[in-house]
Amino acid sequence: MHDYSFYSAIIGLSSKWRILNVTVDELSGEIELHIRSRKGSRFSCATCGALKLPSRVSKARWLHENQLNIRFFISALIPIIICEHCGEMKADIPWEQSAVLCEEDGHVATHNEVKTEPLQIF
């Protein structure tokens with residue numbers, strides 16, 4: 001098991017999230033973090049605050065802007081929740097304020113269909 005607490009602290013991950021794998025491109029020095037939510041984590045509806053388990057996930061990739069002069073990407077499986085009152089929405093992403101969305105995949109899998117192996121999403 002690898003200790004990714006350094007990266008978790010940089011992007012502000014809560015206990016709802018985990019880093020599955022970190023890859024480093026030797027030539028460019030770029031780092032890619034592969035992240036997903038922890039199984040059983042509940043996410044709040046952005047409108048009414050109701051806590052919900054994800055019904056499925058979508059894939060996305062961000063370029064993180066940081067103060068360490070290290071260029072790194074975040075590839076993640078983003079939980080989608082369904083609130084009975086407010087509808088379907090993506091869970092709040094802790095790193096979204098400090099990162100730029102690069103790619104988003106329209107394909108959405110159910111939360112149980114996604115394996116917990118290190119991701120090679122993109």
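All values derive from a computational prediction rather than experimental measurement. All residue numbers in this chain count up from 1 along the given sequence.
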For residues 42-53, tabulate all N or O donor-acceptor pairs below 3.5 Å that involve a side-chain atom, not counting sequence neighbours.
from	atom 1	to	atom 2	distance (Å)
Lys52	NZ	Glu84	OE1	2.7
Lys52	NZ	Glu84	OE2	2.9

Exercise for the section: Identify the residue among Ile74, Ile35, Leu13, Ile19 that makes a side chain to side chain contact (heavy atoms under 4.5 Å, CB included) with Tyr7. Expected result: Ile19

Handout entry: Nearest non-hydrogen partners of Ala60 and Ile78, listed with the distance
Key = CB-CG1, 4.4 Å

Handout entry: Linked, directly or transitively: Trp95 and Phe73 (ILVMFWY side chains, under 4.5 Å)
Key = no

Handout entry: Worked check of side chain to side chain contact (heavy atoms under 4.5 Å, CB included) between His64 and Ile10
Key = CA-CA 10 Å; His64 190 270; Ile10 290 173; 3.9 Å; yes

Exercise for the section: Decide side chain to side chain contact (heavy atoms under 4.5 Å, CB included) for Leu77 and Lys59; before the verdict, give the C-alpha distance in whole Å, the side-chain angles of both, and the deciding distance to 0.1 Å. Expected result: CA-CA 5 Å; Leu77 297 174; Lys59 299 177 197 176; 3.5 Å; yes

Exercise for the section: Verify the cluster assignment for Leu101 and Ile31: are they in a single hydrophobic cluster under the rule of side-chain heavy atoms below 4.5 Å apart? Expected result: yes

Handout entry: Under 3.5 Å donor-acceptor, Arg36 side chain and Leu20 backbone
Key = no

Practice task
Would you kindly confirm whether Leu33 and Leu63 end up in one hydrophobic cluster when ILVMFWY residues are joined by side chain heavy atoms under 4.5 Å apart?
Solution key: no

Exercise for the section: Taking all heavy atoms of Pro94 and all of Asp92, pick out the closest pair and write down the distance. Expected result: CD-O, 3.8 Å

Handout entry: Same apolar cluster (I L V M F W Y, side chains within < 4.5 Å links), Trp62/Val100
Key = no

Practice task
Locate the shortest heavy-atom distance separating Ile81 from Pro54; write the atom from each residue and the value.
Solution key: CG2-CA, 4.1 Å

Handout entry: Heavy-atom side-chain contact between Trp17 and Ile11 under 4.5 Å
Key = no

Practice task
Calculate, to the nearest 0.5 Å, the distance between atoms NE2 and OG1 belonging to His34 and Thr23 respectively.
Solution key: 3.5 Å

